[in-house]
Every structure is written in C-alpha cells, then in structure tokens.
J.: 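Just dropping this structure here.
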Amino acid sequence: NVLGDMLSAFLQRQITDRALRESERRYRHFVGTISEGIWRIDLKQPVAVDEAPKALVEAVQREGVMAECNSELARLFGAASPDELVGWSVTRLTEFTGQRILQDAVEADFRLQAQEYVVYDEDRNARHFIVNTSGVVEDGHLLSVWGSATEVTARVQLERRMVTALEQQQQRIGRDLHDSVGQLLTGVRMLAQNLEERHVQPGTGGHP
C-alpha cells in the first residue's frame, strides 16, 4: 500500500507538472503573438493599498520593477527584445510614459479600462495609446500590476484628417452657398430696379 501510494503520488505529480508546462507554453505563445503590448510589474515589497494616492504612487515607483513583458511592448519602447526592459524600475518607465498613467491607475484601484493616453517621443511627436491595468491585491497589499497597451496613433491621425477634410468641405459648401445666394440677391435687386425704372412714375410715391 505504501509503494502504491508513492507511485500514485509520483504519477499525479508528473501529470500536474505536464499540465503546468502545457499551460505555460500556451500562455507564452499567446503573449508572444498578441498584437497588444503586455507587461507585469512586481513590487519588491508589498504596498498597502489604503495609503493616500500620492504616497501609493511614490511607493509603486520605489518598489515596482518590470518582471516580464512581450515583444510588442518592447517594440513600443524601441527595445530590441523584452529582456532589455525586464528589471527596469517603474521610475525609469515613467521617464518614457509620464506619471499620469500611474496616477490614474492608483485612483482607479489599478483597474484602468481602455484609457487613452498621449506620450511624446524624443522628437516631441505625439503617440496615442489605449491602456488597461489590473492589480493583484492580497490581504490589502498590492503585489503586482498586469497591463496592456495598444498604439492607436495611426487611427487618431486618420480621424483628425477626416475631421479636417469634413470641415474644409463644409467651409467650401458655405462659401458656395454664400456666393450663389449673393448672386441671386444681386440679380433680384437689379431686376427690381429695372422694374421700378420702367413702371413707376417719378413723384407718385411708388405708384405707377
């Protein structure tokens, strides 16, 4: 019976380990191929979430470290591979992204949903991102933060070009209407003057 129990436990452990490896493989494949930038920030020391927002932001900056990310996030940061970003502190990350994302995440209890942000690159060109975050909290302490980011700069630029084109078309239509109405009123005025000259006798007060 003891040998049977040991063998059963061994086989069960083998099955569990195989299932974990398969789950890890699927997870890596999914994160590696998804079009969104995915990241996980771990805190070196858990941070109490009931602190004041400003203190919580400072604590996350102090304790937060990039634990993992995918290739898409590395591309968004201009890095050659995810390994270049792993180990970055949150303070270093916010030098690129600004603090507003972190501040908004703290105020939203680390549950941002489809929030749009503008980040400026070295040439001061605006880049637009949709950001989601989700914090892992246990016993009132923040342990890590998962997040995703999708760049939508091309979409925003296209929308702005469409709005500009629509405004220009409306202005052109307005000018055309103004010109045509002006011409019509000028014609009516000239016709009225012509009729007056032909049919109204001088000194009659406007009567024929």
J.: Using modelled atom types only, decide if a donor and an acceptor are shared between the side chain of Arg127 and the backbone of Leu76 within a distance under 3.5 Å.
T.: yes
J.: Would Trp39 end up clustered with Val137 when hydrophobic side chains under 4.5 Å apart are linked, directly or stepwise?
T.: yes
J.: What is the distance from atom OG1 of Thr150 to atom CD1 of Ile38, rounded to the nearest 0.5 Å?
T.: 7.5 Å
J.: Following the transitive rule for hydrophobic clusters with a side-chain heavy-atom cut-off under 4.5 Å over Ile, Leu, Val, Met, Phe, Trp and Tyr, establish whether Val119 and Val156 coincide in one cluster.
T.: no
J.: What is the minimum heavy-atom distance between His141 and Val49, and which atoms define it?
T.: C-CG1, 4.3 Å
J.: Rounded to the nearest 0.5 Å, how far apart are CD1 of Ile130 and CD of Glu116?
T.: 4.5 Å
J.: According to side-chain hydrogen bond (donor to acceptor under 3.5 Å, both in side chains), does anything in residues 80-92 pair up with another residue at least two apart or in another chain? List the pairs.
T.: none
J.: Are side-chain heavy atoms of Asp104 and Tyr117 found at a separation under 4.5 Å?
T.: yes
J.: Within the supplied structure, the quantity of interest is the number of heavy atoms (other residues, nucleotides, ligands) at a distance under 6.0 Å from Asp139 CG; does it exceed 12?
T.: no
J.: Quick check: closest heavy atoms across Val86 and Ala67, and the distance to 0.1 Å?
T.: CG1-O, 3.7 Å
J.: Less than 4.5 Å apart, side chain to side chain, heavy atoms only: is that true for Val136 and Trp146?
T.: yes
J.: Of Arg160, Arg161, Arg155, which is the lone residue that meets side chain to side chain contact (heavy atoms under 4.5 Å, CB included) with Gln157?
T.: Arg161
J.: Looking at Ala74 and Pro82, what are the two nearest heavy atoms and their distance?
T.: CB-N, 3.7 Å
J.: Are Leu142 and Leu43 packed together at the side-chain level, in the sense that at least one heavy-atom pair is separated by less than 4.5 angstrom?
T.: yes
J.: Would a hydrophobic clustering, with Ile, Leu, Val, Met, Phe, Trp and Tyr connected at side-chain separations under 4.5 Å, put Ile101 with Val118?
T.: no
J.: Grouping I, L, V, M, F, W and Y whenever their side-chain heavy atoms are under 4.5 Å apart, do Leu143 and Val65 come out in a common cluster?
T.: no
J.: Sub-3.5 Å donor-acceptor pair from the side chain of Thr133 to the main-chain atoms of Leu112, do we have one?
T.: yes
J.: Would you compute the distance between atom CD of Gln99 and atom CG of Leu93 and round it to the nearest 0.5 angstrom?
T.: 12.0 Å
J.: Can you measure from CD (Gln61) to CD1 (Ile41) and round to the nearest 0.5 angstrom?
T.: 10.5 Å
J.: Which pair of non-hydrogen atoms, one from Asp121 and one from Asn125, has the smallest distance, and what is that distance?
T.: OD1-N, 2.7 Å
J.: Got Glu36 and Glu72 here, is their nearest side-chain heavy-atom distance under 4.5 Å?
T.: no
J.: Donor-acceptor check, side chain of Asn132 to backbone of Ala114, threshold 3.5 angstrom: yes or no?
T.: yes
J.: To the nearest 0.5 angstrom, please state how far the CZ atom of Arg100 sits from the CD atom of Gln115.
T.: 7.5 Å
J.: Taking all atoms of both residues into account, what is the closest heavy-atom pair of Ala149 and Val131, and its distance?
T.: CB-CG2, 4.4 Å
J.: Can you list the steps and then say if Phe110 with Leu56 is a side chain to side chain contact (heavy atoms under 4.5 Å, CB included)?
T.: CA-CA 11 Å; Phe110 297 96; Leu56 190 52; 4.0 Å; yes
J.: Has the side chain of Ser134 got a donor or acceptor atom that lies under 3.5 Å from a matching backbone atom of Arg111?
T.: no
J.: Counting N and O atoms only, with roles assigned by atom type, does the side chain of Asp42 sit under 3.5 Å from a partner on the main chain of Glu68, one being a donor and the other an acceptor?
T.: no
